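The next block holds one structure in the form of structure tokens; read it before the comments.
Throughout, residue positions are numbered sequentially from 1 according to the sequence presented. Since the model is a prediction, treat every value here as computed from it, not as a measurement.
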Amino acid sequence: MLPAWLPNFIDKVFLRDLAASLVFIVILLVLRSLIRHGILKRDDFGPDVKRRWLVNLRNVVLVLFMVGMALIWANEIETLAVSLVAIAAAIVLATKEMILCMMGAIYRTSTHAYSVGDRVEIAGLKGQVIDINLLSTTLLESSQAVARKGTVGRGITFPNSLILSQPVFNETMLGSYVLHTVHVSINRGEDWQAGEAAMLAEAREIVEEYADDLAKHARELQRGQALESAALEPRLRLSLDDRESVGLHLQLPVPLGQRARIEQRILRAFLGAVPCGPAVEDAAAPAAEPSPAP
């Protein structure tokens, strides 16, 4: 019987392995000492040869020690390894989302996906980045309303793990101007030519207000990013996807943060030229939906 004051993990098997370890270490040290003494006593070995043999002896003894300890304590090592694996698995499962968020933060930093102040869209969430930390990103919701969306201007916080599974659209990565498209549908029997002329005229007037800054931005984009600049003049494309209507798609460069205001100017110019009340749609909305309020 073992004394009652011994810890619970000490049993006969533990004492047997401990004794075997001590005996093995003593035998190993004695053998090492005898062999080392024999090497040093050899007169036919030069200093370099003796040093080489001593180093080899030390390394062999170290390997034998590690192998012997692993064989003696094999059962205990196996039990400990299983316990460590179970603990590690539990930690990973419990902190899976947190680990993914940290990996998302590393991915965002390494790829320069976005930074504070950028206007981004991810998984249907759109706004300006106002805060970034290791676990989450906070957006100020875009002020451009979408039909039936409700209020805007709210703060949106999403986990950084979303970056690993969803594409990130960064509108400010290439500068302070973006190409914006205004979509309008008009019945085929109405005067779509007048609407086209009114939209193009209003768009040209708008672009003229910041033409110098836009041209400078285009030159910087070509010089800094080695990219061909987008069209600096408004362009309008027609579509006949619906047999009952004609689609007018006006594309023009606009400053970030002014898209909603500029779109409203163009729509009002269109309605002034074609007062029949056609179906008007937002750039991000389906073809039959009305344009949002500014």
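Summarising the geometry of Leu240 relative to Ser245, their closest heavy-atom pair is CD2-O, 4.3 Å, with the distance given to 0.1 Å. Nearest heavy atoms, Ser161 versus Glu97: OG-OE1, 4.0 Å. Between Gly127 and Leu139, the shortest heavy-atom contact is N-CD1, 4.1 Å. For the residue pair Ala203 and Ile266, the shortest heavy atom distance occurs at CB-CD1, 4.4 Å.
Atom CH2 of Trp53 has 12 or fewer neighbouring heavy atoms from other residues, nucleotides or ligands inside a 6.0 Å radius.
Here the CD1-OG1 distance, from Ile132 to Thr138, works out to 9.0 Å after rounding to the nearest 0.5 Å. Note that CG of Asn187 is 9.0 Å distant from CG of Asp242, once rounded to the nearest 0.5 Å. Atom CG of residue Leu54 and atom CZ of residue Arg36 lie 6.0 Å apart, to the nearest 0.5 angstrom. In this structure, NZ on Lys126 lies 10.5 Å from CZ on Phe169, to the nearest 0.5 angstrom. Distance check, rounded to the nearest 0.5 Å: NZ of Lys96 to SG of Cys101 gives 11.5 Å. Atom CD1 of Ile122 and atom CD1 of Ile156 lie 11.5 Å apart (nearest 0.5 Å).
Residues Leu135 and Leu125 are members of separate hydrophobic clusters, defined by side-chain heavy-atom contacts under 4.5 angstrom among Ile, Leu, Val, Met, Phe, Trp and Tyr. Under a hydrophobic-cluster definition in which Ile, Leu, Val, Met, Phe, Trp and Tyr are linked whenever side-chain heavy atoms come within less than 4.5 Å, directly or via other members, Phe65 and Ile77 are assigned to the same cluster. Criterion: ILVMFWY side-chain heavy atoms under 4.5 Å apart, direct or through other members. Under it, Ile39 and Val49 are part of a common hydrophobic cluster.
For the pair Met199 and Leu248, the minimum side-chain heavy-atom distance is below 4.5 Å. The closest side-chain heavy-atom distance from Ser185 to Val246 is not below 4.5 Å. Side-chain contact between His180 and Ile262: absent, with no pair of heavy atoms (C-beta onward) separated by less than 4.5 Å.
Under the rule for a salt bridge (Lys or Arg N to Asp or Glu O under 4.0 Å), Arg58 has no partner lying at least two apart in sequence or in another chain.
Of the residues listed (Leu28, Leu31, Asn59), the one engaging Leu64 in a side-chain contact (heavy atoms from CB on, under 4.5 Å) is Leu28, and it is the only one.
Inspection of the Asn160 and Thr137 side chains reveals an N or O donor paired with an N or O acceptor under 3.5 Å. Using modelled atom types and a 3.5 Å distance limit, the side chains of Thr157 and Ser136 yield no donor-acceptor pair. Residues Arg261 and Gln264 bring no donor and acceptor atom of their side chains to less than 3.5 Å of each other.
Pairs passing the ring-ring contact (aromatic ring centres under 6.0 Å, His included) check and including a residue from residues 189-215, sequence neighbours excluded, read Tyr177-Tyr210.
Of the possible donor and acceptor atoms, none in the side chain of Asp118 sits under 3.5 Å from a partner among the backbone N and O of Val120. No donor-acceptor pair closer than 3.5 Å links the side chain of Arg235 to the backbone N or O of Leu252.
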* Take Ile25 and Met69 through the test side chain to side chain contact (heavy atoms under 4.5 Å, CB included) and record every step on the way to the result. => CA-CA 9 Å; Ile25 291 173; Met69 290 294 102; 4.3 Å; yes
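Between Glu209 and Arg265 there is a salt bridge, since at least one side-chain N of the basic residue sits less than 4.0 Å from a carboxylate O of the acidic one.
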